[in-house]
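One structure is given here, and the rest of the page talks about it.
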Number of protein chains: 4
Amino acid sequence: MNFDSGLPIYIQIVEIIKTRIATGILKRGEKLPSVRDMATELKVNPNTIQRSYGELERENVVFTQRGMGTFVTEEESILEELKGNMAREKIISFMEDMERLGYNRDEIPAIIKETILEGK
Amino acid sequence: MNFDSGLPIYIQIVEIIKTRIATGILKRGEKLPSVRDMATELKVNPNTIQRSYGELERENVVFTQRGMGTFVTEEESILEELKGNMAREKIISFMEDMERLGYNRDEIPAIIKETILEGK
Amino acid sequence: MNFDSGLPIYIQIVEIIKTRIATGILKRGEKLPSVRDMATELKVNPNTIQRSYGELERENVVFTQRGMGTFVTEEESILEELKGNMAREKIISFMEDMERLGYNRDEIPAIIKETILEGK
Amino acid sequence: MNFDSGLPIYIQIVEIIKTRIATGILKRGEKLPSVRDMATELKVNPNTIQRSYGELERENVVFTQRGMGTFVTEEESILEELKGNMAREKIISFMEDMERLGYNRDEIPAIIKETILEGK
DNA sequence: GTGGTCTAGACCACA
DNA sequence: GTGGTCTAGACCACC
């Protein structure tokens, strides 16, 4: 795993975990890897993972039980919001890419429909 | 710049240059940086750039004039096709991402329209 | 327990015991811990406790029976006065705090009423 | 300065700074001591101060300008809210103390009024 | 100079 | 074992 995108490593890890949760790789209520295991897996310092987990907890995406571990939230509403946010980000960056390629915002839905039909 | 995506570096450079052309950073008929300059800019071996330019020429995206340098094609149809291909790739990977987030192919155009409206 | 408030330790202990009596942790007529036990509990020299007990006796808050130990006074009037004094101190320091936060002496009772209502 | 209240040091520092702001010792827009100076002053590690400042920034009580320092927020509404919160905490703990001394919640405003009158 | 991030390694409370 | 805190010391970007 590389972390040279310019963003702080702990933020990048937050994004990775959010993606895993939003896409269902990590499920509602599931235990995350321990701070130490995650640190070993991603080859970063445990404090960095700690910070990532802390940030996720602040956002109520995960919760921790002392001595037990860190878990994906049980609250469905937060998970839905998370998916919505990630989708919105994906859409926005996609649209920016498309505009850079010379397409107009408003014609994009139509182009997508075409592409869907082609693929069928 | 990192080139550790697994793909051969020369292919990655081909993609970078195609993106620059498709987005208009490099314009129709414009001279590309010399092999040597490009190698310096991307911190790779000049032979690698040479190979990338060769590939681009094979695809008629650029053409070479001995002693003058390498230039973006003058043929509008090729540029259009290039943009179309890049757009199609973007759309496909975007749709895969959205499906992973739990959205159905067919509902995506509608979601995009909503997001456009929100952003206004 | 820390005793680094600047005040003599024996005075601080007098205050601790008065608080325990005023709040009913130590009841009317109840035996106080022996000097030796109290010294162990608070991790101070027994002579210090001896001095604190002496001070409390001087104020008629406790009385000593040779060979039996030290006891909270039986006189209700002294206990009432003790509570009144502690309340007055609490009120004064509370009001100073509130004034420092920018509240006027005279508006404080009203603010408290509001807070009581909120808490209901 | 002692930090053995059981609470994490960084939280205690957050409280100290909030008190300084709420009581006007630190004014609207004023620069806080640098992380390093504060660490020296309070004899803790700079990272601990960093964490405290980060927490305060998260709560919008302060903001930072890279290379310039950390400053008390300019937003009056946040400062008002801060004072309100600190007052509420003071009131609640004061009332708990008074109840422990045998006074009823509802009679406290009256007792305060008496104490004010006595002091005049 | 400022804050921001990261690593290394320690100790603690909780279970 | 788990997460939570703290220290020490380094390097970075920005001003």
Side-chain angles (χ1 to χ4, degrees), chain A residues 1-18 20-21 26-27 29-74, chain B residues 1-2, chain C residues 1-2, chain D residues 1-18 20-21 26-27 29-74:
Chain A
M1 188 72 76
N2 300 321
F3 291 110
D4 23 43
S5 82
L7 280 176
I9 295 177
Y10 82 95
I11 295 284
Q12 296 181 51
I13 293 172
V14 163
E15 293 306 318
I16 291 170
I17 296 172
K18 279 185 180 175
R20 289 185 186 177
I21 294 173
L26 281 169
K27 295 185 194 0
E30 185 172 343
K31 186 178 176 304
L32 273 64
S34 82
V35 169
R36 288 157 177 85
D37 287 355
M38 197 74 155
T40 305
E41 185 197 335
L42 299 180
K43 297 204 191 100
V44 294
N45 189 285
N47 283 326
T48 304
I49 303 294
Q50 185 80 321
R51 190 162 180 189
S52 301
Y53 279 19
E55 177 65 20
L56 288 164
E57 184 163 22
R58 256 200 349 92
E59 299 183 26
N60 292 316
V61 174
V62 305
F63 65 97
T64 73
Q65 284 186 297
R66 292 272 295 232
M68 298 293 294
T70 302
F71 303 82
V72 178
T73 182
E74 298 281 1
Chain B
M1 188 75 75
N2 304 320
Chain C
M1 187 73 76
N2 303 320
Chain D
M1 188 73 76
N2 301 321
F3 291 111
D4 23 44
S5 83
L7 280 175
I9 295 175
Y10 82 95
I11 295 284
Q12 295 181 53
I13 292 171
V14 163
E15 292 306 317
I16 290 169
I17 296 172
K18 279 185 179 176
R20 290 185 184 178
I21 294 173
L26 282 170
K27 295 186 194 355
E30 187 173 342
K31 186 178 176 305
L32 272 64
S34 81
V35 168
R36 288 159 178 85
D37 287 353
M38 195 73 154
T40 306
E41 185 197 336
L42 299 181
K43 297 203 193 101
V44 295
N45 188 286
N47 283 326
T48 305
I49 303 294
Q50 184 80 327
R51 191 163 178 187
S52 301
Y53 279 19
E55 178 66 20
L56 287 164
E57 185 163 21
R58 256 202 347 93
E59 299 182 26
N60 292 317
V61 174
V62 304
F63 65 96
T64 72
Q65 284 186 296
R66 293 272 296 231
M68 298 293 292
T70 302
F71 303 82
V72 177
T73 181
E74 298 281 1

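To find a chain, count down the sequence lines: A is the first, B the second, and so on, and within it residues start at 1. Quantities reported herein were computed from a predicted structural model and do not represent experimental measurements.
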With a 3.5 Å distance limit and no angle check, can you tell me whether A/Gln12 reaches the backbone of A/Phe3 through a side-chain donor-acceptor pair? yes

Okay, side chain of A/Thr48, backbone of A/Val44: is any donor-acceptor separation there less than 3.5 Å? no

Quick one: [X] [atom1] to [N] [atom2], roughly how many Å, whole number?
| X | N | atom1 | atom2 | answer |
| --- | --- | --- | --- | --- |
| D/Ile9 | F/dG4 | CD1 | C1' | 13 Å |
| D/Ile49 | E/dT2 | CD1 | C1' | 15 Å |
| D/Leu42 | F/dC6 | CG | P | 13 Å |
| A/Tyr10 | E/dG3 | OH | C1' | 12 Å |
| A/Arg51 | F/dC6 | CZ | P | 15 Å |
| A/Phe3 | E/dC6 | CZ | P | 10 Å |
| D/Met38 | E/dG3 | CE | C1' | 15 Å |
| A/Asn45 | E/dT5 | CG | C1' | 11 Å |

Look at the side chain of [X] against the base of [N] and say whether a donor-acceptor pair falls under 3.5 Å; ignore hydrogens and angles.
| X | N | answer |
| --- | --- | --- |
| A/Asn47 | F/dG4 | no |
| A/Gln50 | F/dG4 | yes |
| A/Arg36 | F/dG1 | no |

Let's test this: given Watson-Crick or G-U wobble pairing with both distances under 3.5 Å, identify the partner of F/dC14. E/dG1

Could you let me know what F/dA8 is paired to, Watson-Crick or G-U wobble, both distances under 3.5 Å, or none if it's on its own? E/dT7

Between [options], which nucleotide gets closest to the side-chain atoms of [X]?
| X | options | result |
| --- | --- | --- |
| D/Arg66 | F/dA13, E/dT2, E/dA8 | F/dA13 |
| A/Glu57 | E/dT5, E/dG3, F/dG4 | F/dG4 |
| D/Ser34 | E/dC6, F/dT7, E/dT2 | E/dT2 |
| D/Met68 | E/dT2, E/dA8, F/dC15 | F/dC15 |

From CA spacing to verdict: side-chain contact (heavy atoms from CB on, under 4.5 Å), A/Lys31, A/Met68: CA-CA 9 Å; A/Lys31 186 178 176 304; A/Met68 298 293 294; over 6 Å; no

Is D/Thr48 close enough to F/dT5 that one of its side-chain N or O atoms is under 4.0 Å from OP1 or OP2 there? no

Any side-chain N or O of A/Thr70 below 4.0 angstrom from OP1/OP2 of F/dT2? no

Scan A/Gln65 against the nucleic acid and name what it touches under 4.0 Å (heavy atoms): base, sugar-phosphate only, or nothing. nothing

Below 4.0 angstrom, N of the basic side chain to O of the carboxylate: do A/Arg58 and A/Glu55 qualify? yes

Is there side-chain contact between D/Val62 and D/Leu32, with at least one heavy-atom pair below 4.5 Å? yes

